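Heads up: the structure comes next, in C-alpha cells.
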Amino acid sequence: MASSTAGQVIKCKAAVAWGAGEPLKIEEVEVAPPQTMEVRIKVHYTALCHTDLYFWEAKGQTPLFPRILGHEAAGIVESVGEGVTDLKEGDTVLPVFTGECGECRHCKSEESNMCDLLRINTDRGVMINDGKSRFSINGKPIYHFVGTSTFSEYTVTHVGSLAKINPEAPLDKVCILSCGVSTGMGATLNVAKPKKGSSVAIFGLGGVGLAAAEGARIAGASRIIGIDLNSDRFEKAKLFGVTEFINPLDYKKPIQEVIAEKTDGGVDYSIECTGNVKAMIQAFESCHDGWGVAVLVGVPHSDAVFATNPVNFLNERTLKGTFFGNYKPRSDLPGLVELYLAKKLELEKFITHEVSFADINKAFDYMIKGESLRCVINVIGD
C-alpha cells in the first residue's frame, strides 16, 4: 500500500545552513517527491561528522549556500520513484555519501568501491537525474549535500546511495556507520588487514582514528600505538584497544624514529587518519622494512605533496590509500549492522553526546571544542 504522502510535496523541518559559519536555522522546507531512481526517506537520527563542519565553515572549497548538510544517518523509506525495485516504503536504510550503482566497472570490480555514477561530489548541490534540487523554501531551491542532506526530517537520495539494513537495528546507534566508523574500521580490516598478534600505529585519535583502532582490536593486534598531538585523547582511546601512546610534542626527534626504537625497527601496519601530509609521511616511514604496510585515510589539502625517499619503497614497505574503508555501501553496510547486533562491534562508545533536532547547533559547538567523538541528533523526536 502506498504511503499517504507518496507523490506529494512534504512540508517538514530542516536545519538550513544559510552562510559560511552561520548557525543552522530550523526552517519549514518543501521536499518534492522522488523522481526516477530516487527514494524519499524519513530521517530518524543523524550524526555530525567533521566533513559537515568543514563544508559549513567553507574553508578551502567553493561555498554553496543555502544548503542542507548532513550525511551520517538512519531512517525509513517513505516513498520511491520510478524504476526503484529493490527498496519499498517502510524499509530501514542508511543513506551514504557515496554509492553503488551496481553497473559501472568499479561496482563490478571486487577491488573498488569508487562508483563512477555515485562517487562523492561535494560541489554538486542538485540531484543527478535532472540537475534540480528536491528542497525549496517559498519556491527558492535549497542545495543538497553529498547526495544525502540528512539534517532534514525528510530527504531525497539516489537509490544507489541507500543501504537496506535489518529493521531490528537501533537507528540511534547504527546511524554512525554511514561514514566515520566504517571509514576507519575498513581502513584497518579491509586494506591494512593486520594479522593476529601484529603491531599497528594509529595516527590521529579522532573518530575515524578510533574506528581504525577498533578494527585493529577486532583483528587481534597485540600492540596498538596511538599517536596524537592532544594527550587528552589518550584515556578515551583505551576503550578502543589502544595499548600505548605517543605525543610527538614530547620528543625532539622525528616520530618515525621514536616508533622504530619502540618497535624494533617499525610497526607492521600504520593507519593515518589526520589528513596532514606530514603525518602521512611519518606513518609510512614508521613501517618496518620488508613487510610494513601504511594506509592513508585522511584527506589532505589539495596542494599537499607526499615526499619520501624511494628507497623506503625499495626496502619493501607498502603504501595504500582507501575511500570509505573500501566498503561497497549497499553490499557491505548491512553486514556491519549485523556485526553490531551480534555484539562483535561496539558503537555506543563512539557516541559521546545526543541532542534534539532543535539543538543541532550544540553538536557543532561540541565538535569545534573537541569535546565530542560523535554527537547523535534526534530528528524524529521520540
Side-chain angles (χ1 to χ4, degrees), residues 183-298 300 304 306-322 325 346 349 370 373:
T183 295
M185 198 166 65
T188 305
L189 293 174
N190 297 337
V191 187
K193 300 179 181 177
K195 295 183 175 69
K196 191 170 184 177
S198 59
S199 59
V200 181
I202 310 291
F203 284 73
L205 297 176
V208 174
L210 292 179
E214 179 78 353
R217 181 190 70 79
I218 291 171
S222 60
R223 292 181 73 181
I224 304 176
I225 304 168
I227 299 102
D228 201 291
L229 299 173
N230 182 358
S231 298
D232 293 341
R233 290 178 160 181
F234 293 169
E235 192 62 35
K236 176 79 174 176
K238 292 178 182 177
L239 296 175
F240 299 83
V242 182
T243 57
E244 51 202 284
F245 301 92
I246 297 173
N247 186 331
L249 298 177
D250 295 338
Y251 299 87
K252 292 182 179 178
K253 63 177 70 173
I255 206 63
Q256 48 268 59
E257 291 182 19
V258 174
I259 292 172
E261 290 171 4
K262 290 178 176 287
T263 57
D264 190 24
V267 289
D268 301 318
Y269 307 91
S270 66
I271 319 289
E272 191 288 320
C273 302
T274 71
N276 181 298
V277 72
K278 182 179 177 183
M280 292 178 170
I281 296 166
Q282 292 169 340
F284 176 60
E285 295 180 356
S286 296
C287 287
H288 205 290
D289 59 5
W291 60 78
V293 176
V295 179
L296 306 184
V297 184
F306 186 99
T308 190
N309 193 313
V311 171
N312 289 320
F313 292 99
L314 296 174
N315 286 343
E316 300 179 4
R317 294 177 180 87
T318 301
L319 180 65
K320 295 183 174 184
T322 180
E346 302 169 15
K349 60 191 177 185
L373 280 179

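Just so we're clear, the structure is a prediction, and the values are computed from it rather than from any experiment. Numbering of residues begins at 1 and proceeds along the displayed sequence.
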Looking at [X] and [Y], what are the two nearest heavy atoms and their distance?
X	Y	result
L373	G206	CD2-C, 4.0 Å
K320	V191	NZ-O, 3.4 Å
P300	G298	CD-O, 3.5 Å
S222	T243	O-CG2, 4.0 Å
F313	F284	CE2-CZ, 3.6 Å
F203	I255	CE2-CG2, 4.1 Å

Quick one: [atom1] on [X] to [atom2] on [Y], what's the gap to the nearest 0.5 Å?
X	Y	atom1	atom2	answer
L249	S231	CG	OG	7.5 Å
R217	I224	CZ	CD1	8.0 Å
L319	E285	CG	CD	10.5 Å
T183	N190	OG1	CG	11.0 Å

query: Passes side-chain contact (heavy atoms from CB on, under 4.5 Å), H288 versus T263? Steps please.
result: CA-CA 9 Å; H288 205 290; T263 57; over 6 Å; no

Counting C-beta onward and ignoring hydrogens, is there a side-chain heavy-atom pair between [X] and [Y] closer than 4.5 Å?
X	Y	value
D289	E316	no
L239	E346	no
P248	L229	yes

Side chain of [X], backbone of [Y]: donor and acceptor closer than 3.5 Å?
X	Y	value
K236	K349	yes
S198	A221	no
D268	G292	no
D228	L205	yes

message: Surrounding CG of D264 (heavy atoms of other residues, nucleotides or ligands, distance under 6.0 Å), is the total greater than 12?
response: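 Not buried by this count: 12 neighbours or fewer within 6.0 Å.
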
- request: Flag the pair E261 and K253 as a salt bridge only when some basic side-chain nitrogen lies within less than 4.0 angstrom of an acidic carboxylate oxygen.
  value: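 Yes.
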
message: So if I apply the side-chain contact (heavy atoms from CB on, under 4.5 Å) rule between I227 and each of I202, N247, V258, I259, which one comes out positive?
response: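 That would be I259.
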
Throw together a table of side-chain donor-acceptor distances under 3.5 angstrom for residues 269-277, partners on residues two or more places apart or in other chains.
residue	atom	partner	partner atom	Å
S270	OG	A283	O	2.7
E272	OE2	T274	N	2.6
E272	OE2	T274	OG1	2.3
E272	OE2	G275	N	3.0
T274	OG1	N276	N	2.9
N276	OD1	K278	N	2.8
N276	OD1	A279	N	3.2

